[in-house]
Amino acid sequence: MAEADSKELKSFGADIPMKTEGFFLKGSGSLGWGMKNRLSRIFNPETGRTVMLAFDHGYIMGPTSGLERLDLAIPPLHDCIDVLMCTRGALRSCITPITDKPVCLRCSAGATILRDLSDELVGVAIEDAIRLNAAAMAVQVYVGGEGEHKCIGNLVKLVDAGMRYGIPVLGVTAVGRELNRDARYLGLATRVIAEVGAQFVKSYFCEPGFEKVVAGCPVPIVIAGGKKLPEADALAMCYKAVDQGALGVDMGRNIFQSEDPAAMAQAVRAVVHGGEKPDKAFDLYKTLKNES
Ligand code: R5P
């Protein structure tokens with residue numbers, strides 16, 4: 001059996017950007033036209049970054065705080081974000097089909113917070129993802145979890161289906177309760193997900209060492225927000241993540257559980273697309289909140 005190697009031997013060249021020949025996104029130059037077109041809807045070609053709104057939490061957590069009523073919570077955020085990341089149930093029941101926002105469709109299912117979260121399966125047929133005009137499909141991957149083998153199998157199935165029809169897959173680094181969100185773990189998990197074939201990867205931010213996580217992953221990384229933080233801290237985390245190479249966020253609770261979700265989404269946007277410093281972005285958040 002292969003052994004984990006020593007971290008002293010690693011050399012990430014984190015200060016040398018990866019060449020992106022043939023397309024503006026890291027590691028995507030050899031993909032087909034449809035795949036590139038969908039990725040260009042997710043990542044803004046002008047900034048190369050994205051603000052994805054994750055509101056798929058109900059598929060494992062039920063009516064999460066802030067998402068008790070999807071029909072009330074999501075429409076006010078619609079114009080502040082780039083991508084809707086949700087389940088097909090949420091999409092069909094609560095999101096207008098008139099939307100021009102691309103959809104990153106949650107395509108794994110099968111577990112809840114009441115049992116082992118890693119016991120998932122592929123929860124959407126590729127035909128339904130196409131029917132819903134999905135710009136991408138998302139799958140949870142619990143590297144090191146009880147269900148690791150099954151989750152990686154789900155990723156394989158979705159990547160193979162996505163390759164047939166030109167739909168990229170977002171592999172989501174899912175951390176079980178017992179696993180550390182440090183650079184060593186996240187570096188391993190994001191790299192495994194990219195090598196199995198995901199066209200982009202969601203990771204948590206970590207410090208120190210996030211720039212090494214990014215450098216070791218040959219495709220774009222977006223960060224999840226994780227549990228709700230004070231707004232200033234969440235904006236600082238976004239800033240550090242993009243500064244260290246993340247190509248945006250796929251953020252949920254730190255937006256929809258904010259005191260003012262629309263103001264927070266716009267402040268996150270200012271950081272991600274405008275490179276705004278965290279203190280300025282927090283000022284923007286406060287101004288927008290006061291105005292509303
Ligand atoms: C978990 O249910 C989903 O993968 C979420 O999309 C993910 O955790 C991102 O949401 P948050 O920013 O709330 O962590």
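On a predicted model such as this, the values are computed, not experimentally measured, just so you know. Counting starts at 1 for both ligands and their atoms, in listed order.
Nearest to atom 9 (C) of ligand 1 among the protein's heavy atoms is Lys202 NZ, 3.1 Å. Among protein heavy atoms, atom 2 (O) of ligand 1 sits closest to Ile60 CD1, 3.6 Å. Ranking protein heavy atoms by distance to atom 4 (O) of ligand 1, first place goes to Arg106 NH2, 3.0 Å. Protein heavy atom closest to atom 5 (C) of ligand 1, with residue, atom name and distance, is Asp56 OD1, 3.2 Å.
Judged as a ring pair (Phe, Tyr, Trp, His ring centres under 6.0 Å), and not counting sequence neighbours, the contacts of Phe43 are Phe200. With sequence neighbours excluded, the residues forming a ring pair (Phe, Tyr, Trp, His ring centres under 6.0 Å) with His57 are Phe256, listed by chain and number.
No continuous path of hydrophobic side-chain contacts links Leu53 to Leu288 [ILVMFWY only; heavy atoms under 4.5 Å].
Summarising the geometry of Tyr59 relative to Ala109, their closest heavy-atom pair is CE1-CA, 3.9 Å, with the distance given to 0.1 Å.
Ion pair Asp128/Arg92 flagged as a salt bridge, since at least one NZ, NE, NH1 or NH2 atom sits closer than 4.0 Å to an Asp/Glu carboxylate oxygen. Taking a cutoff of 4.0 Å between a charged side-chain nitrogen and a carboxylate oxygen, Glu46 and Arg49 do not qualify as a salt bridge.
Close contacts between ligand 1 and Gly226 involve ligand atoms 11 (P), 12 (O), 13 (O), 14 (O) [criterion: under 4.0 Å to a heavy atom].
Here's the thing with Ala54: none of its N/O atoms is less than 3.5 angstrom from an N/O atom of ligand 1. Taking any N or O of Asn254, backbone or side chain, none lies under 3.5 Å from an N or O belonging to ligand 1.
Ranked by closest heavy atom to atom 12 (O) of ligand 1, the top entry among Ala234, Gly252, Ala174 is Gly252. Distances from atom 10 (O) of ligand 1 to the heavy atoms of His57, Arg253, Met251 show the closest one on His57.
By the 4.0 Å heavy-atom criterion, Lys227 is excluded from the residues contacting ligand 1.
The side-chain heavy atoms of Leu229 and Met237, taken from C-beta on, include a pair separated by under 4.5 Å.
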